[in-house]
Amino acid sequence: MTKLKPKYYQNPDVIFLAQDLLGKILFTQKNGEITAGIITETEAYFGEEDKASHAYGGKRTLRTEAMFQTGGFSYIYLCYGIHHLFNIVVSHKNDPKSVLVRAVEPFEGLSVIESRRRRSACDKTISSGPGSVCKALGIDMTFNKKPLTGEEIWIEDSGLQYSQDDITSTPRIGVAYAREHAALPLRFYLKNNRYISKK
DNA sequence: TTCTGGATCGACT
DNA sequence: GTCGATCCAGAAA
C-alpha cells in the first residue's frame, strides 16, 4: 500500500475523486495509536457554484478558509454543535471543492475504535455516518487544515478497484436547503458493503 | 451584541 | 418513526 500523493488530490474533478476514494484507506495517528478505515461512502461538494457547499458564492471565512487551500488538506467543522465532519479538500488553490467522508469500514486499530465508540466493530453503526467516522478515528478540530500526506492523518491506496457497477449514487444527505442542487446524485457508496449510513 | 439554524446521532416509542 | 441534544459560525444590527 502507498500513501496518496499531493498530485492525486489536485485533480479538479471532484465527482471522479469522490468515487475513486471509495476503497481507499483513511488513517489517523493520535497519542501514538493508529486507527484506520476503508472509505465506503462519500459525497462531492463542487465548490463556489454548489448551493449545498459552505463555499457557495465564493464565501470565504475563517471556517471555510481550509477549502480554498490546495487539494490534499483536511477541512473539519462542527455540525449541530456536537459532531465533527471530515472533508478532503481537492483541486487547486482557490477552487473550494471537497469530498465528505460519510462512512468507513474499520480496518486497523479495532480495539481503539471500539473503545472510542463503545460498541463492537461488527456493529455497522460504529463508523457509518460522517459524525461517527470522526469519532471512530479520533478526528476533532485539531486535525483541521492538516496535509493528508503527513503523519497525523493520511490516505493509502489499497489497490482495490471498483467499477461503476459496484457503486451506487444517490442525492446528498441533509442538504434540502440547496434547492436545485439538492437532488444531484453526488453521494456515492459501495453497493456490497454493510458500513453505509443509510441505503 | 444578539439571534438563528445546521453536510447528525442516538435514545426512545 | 420521532425528537432532543448542544454550540459555534455567520449574519444582522
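Side chains are part of it too, since the values below use all heavy atoms of this structure and drop only hydrogens, waters and symmetry mates. So you know, we letter chains A, B, ... as the sequences are listed, proteins then strands, and number each from 1.
- Spacing between atom CG of A/Leu85 and atom P of C/dA9 amounts to 15 Å, rounded to whole angstrom units.
- A/Lys59 comes within 4.0 angstrom of the backbone, heavy atoms only, and of no base.
- The CG-P distance, from A/Asn87 to B/dT8, rounds to 11 Å in whole Å.
- Note: CZ (A/Arg172) to P (B/dG6) measures 15 Å, nearest angstrom.
- In this structure, CZ of A/Arg117 is placed 10 Å from P of B/dA11, rounded to the nearest angstrom.
- Minimum atom distance to the side chain of A/Ser132 is reached by B/dC9, of the listed B/dG6, B/dC9, C/dG10.
- Distance, A/His84 NE2 to C/dC8 P: 10 Å, rounded to whole Å.
- Of the two residues contacting DNA chain B, namely A/Phe86 and A/Lys135, the nearest-nucleotide position lying further toward the 5' end is that of A/Phe86.
- Checked against the 6.0 Å centroid threshold, A/Tyr75 and A/Phe73 do not count as a close aromatic pair.
- Across all strands, A/Arg60 comes closer than 4.0 Å to no nucleic acid atom at all (heavy-atom distances).
- As judged by a 4.0 angstrom heavy-atom cut-off over every strand, A/Arg119 is placed among residues touching the sugar-phosphate backbone only.
- Close to B/dG10, at under 4.0 Å from its OP1 or OP2, lies no side-chain N or O of A/Arg118.
- For the residue pair A/Ser197/A/Glu41, the side-chain donor-acceptor check at 3.5 Å is satisfied.
- Rounded to whole Å, the distance from CG on A/Leu78 to P on C/dA9 is 8 Å.
- Nearest to the side-chain atoms of A/Tyr80 among the listed nucleotides B/dG6, C/dG10, B/dA7 stands B/dG6.
- Within 4.0 Å (heavy atoms only), A/Arg63 reaches sugar-phosphate atoms of the nucleic acid but no base atom.
- Out of B/dT8, B/dA7, B/dG10, the shortest distance to the side chain of A/His83 is found at B/dT8.
- Look at C/dT6: it lacks any Watson-Crick or wobble partner with both distances under 3.5 angstrom.
- Each of B/dC9, C/dA5, B/dA7 was ranked by its minimum atom distance to the side chain of A/Ile82; first place goes to C/dA5.
- Atom P of nucleotide B/dG6 and atom CD1 of A/Ile173 are separated by 16 Å, given to the nearest angstrom.
- Across B/dA7, C/dG10, B/dG10, the shortest atom-to-atom separation from the side chain of A/Thr64 is found for C/dG10.
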Item to check | Verdict with reasoning, A/Glu65 to A/Lys59, per salt bridge (Lys or Arg N to Asp or Glu O under 4.0 Å) | outcome: CA-CA 9 Å; A/Glu65 191 59 30; A/Lys59 188 163 67 181; over 6 Å; no
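- With salt bridges taken as basic N to acidic carboxylate O contacts below 4.0 Å, one links A/Glu180 and A/Lys51.
- In this pair, A/Tyr77 does not lay its aromatic ring on the base of C/dA9; centres under 5.5 Å and planes under 30 degrees do not both hold.
- Rounded to whole angstrom, the span from the CD1 atom of A/Ile126 across to the P atom of B/dC9 amounts to 14 Å.
- In this structure a side-chain-to-backbone donor-acceptor pair under 3.5 Å is missing from A/Arg102 to A/Val133.
- Interface remark: the A/His54 side chain does form a donor-acceptor pair with the B/dA7 base, using a distance-only criterion of under 3.5 Å.
- Ionic pairing of A/Arg119 and A/Glu114 is not present here: no N-O contact between side-chain nitrogen and carboxylate oxygen is shorter than 4.0 angstrom.
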